[in-house]
Amino acid sequence: MYKEDRPSPIWPVKQSALQAIPSPRLKKLAEAKSVSPDWVEDRPVYSKVSEAAKRASASPHTAQLAKAKKDHAVHFISNQLKRPQEDSISEKVTAPTARTEALAVPKMEHPQHQHDLTVLRNVPASALHTQASDRVCQLAKPKTRKAIFEGYDPYRISLAAKHAEASPRIIELCTPPAHKQRHKKI
């Protein structure tokens, strides 16, 4: 609901505010931010490459660094003389140690381990002709419950639960442990 408690959006300025003198800090904060002196208004999109950079060639060391490594072999270059190349790691043949051989042996199964039964297996004839007892049929049926909107009350407590008594062991487990009492120093 609109209230006309402000007749005009222009508020009158107090006389003391008109005669106020701002501090130097306030004047500095009131100044607009200036543009950076490094800012160039219209720079070209592409930079110009100098003629010297166009004629430059890579040094032998830079050319060597640009080449891909081969088979992780180690090459040493000293005083621009190549030392004899060592055998690469992939060409070296070594015999495994006895410990490595022992670790490579697969684990044996336990003698009493029973493998999973196959999916297709023969059913004994006695099992094909058995009849389930009434109790087994009763236990095989799922327990039906009414939904809450059909009158089921999940908070209802049965009469047997109301007359139940806790055993001494349950009472012992429910009792909180005795803690040491700390005396306050005065």
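Everything numeric in this text was worked out from a predicted model, so none of it was measured.
Every pair tested for ring pair (Phe, Tyr, Trp, His ring centres under 6.0 Å) that includes a residue from residues 124-147 fails, sequence neighbours excluded, so the list is empty.
For R169, the salt bridge (charged side-chain N to carboxylate O under 4.0 Å, His left out) partners two or more places apart in sequence, or in a different chain, are E172. Partners of E101 under the salt bridge (charged side-chain N to carboxylate O under 4.0 Å, His left out) rule, at least two apart in sequence or in another chain, do not exist in this structure. Legend: residues meeting side-chain contact (heavy atoms from CB on, under 4.5 Å) with P111, ordered by chain and number and at least two apart, are absent. With sequence neighbours excluded, the residues forming a side-chain contact (heavy atoms from CB on, under 4.5 Å) with V136 are A132, S133, listed by chain and number. Partners of V35 according to the side-chain contact (heavy atoms from CB on, under 4.5 Å) rule, which considers only residues two or more places apart in sequence or in another chain, are W39. Evaluation of the salt bridge (charged side-chain N to carboxylate O under 4.0 Å, His left out) rule for K107 yields no partner, not counting sequence neighbours. With sequence neighbours excluded, no residue forms a side-chain contact (heavy atoms from CB on, under 4.5 Å) with S57. With sequence neighbours excluded, the residues that form a ring-ring contact (aromatic ring centres under 6.0 Å, His included) with H115 are H113.
Counting heavy-atom neighbours within 6.0 Å of D134 CG, excluding the residue itself, gives a total of 12 or less.
Counting heavy atoms from C-beta on, the side chains of L65 and T62 never come closer than 4.5 Å.
Scanning both residues, I171 and T175, for their nearest heavy atoms gives O-OG1, 2.8 Å.
Cluster partners of V13, using a side-chain heavy-atom cutoff of under 4.5 Å among ILVMFWY residues and allowing indirect links, are L18. Its side chain within the 4.5 Å cluster rule, L128 clusters with V123 among the Ile, Leu, Val, Met, Phe, Trp and Tyr residues.
Here the NZ atom belonging to K162 is positioned 8.5 Å from the OG atom belonging to S158, to the nearest 0.5 angstrom.
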When the side chains of residues 19-31 are checked against the rest of the protein, which donor-acceptor pairs come out under 3.5 Å, sequence neighbours left out?
| residue | atom | partner | partner atom | Å |
| --- | --- | --- | --- | --- |
| S23 | OG | L26 | N | 3.3 |

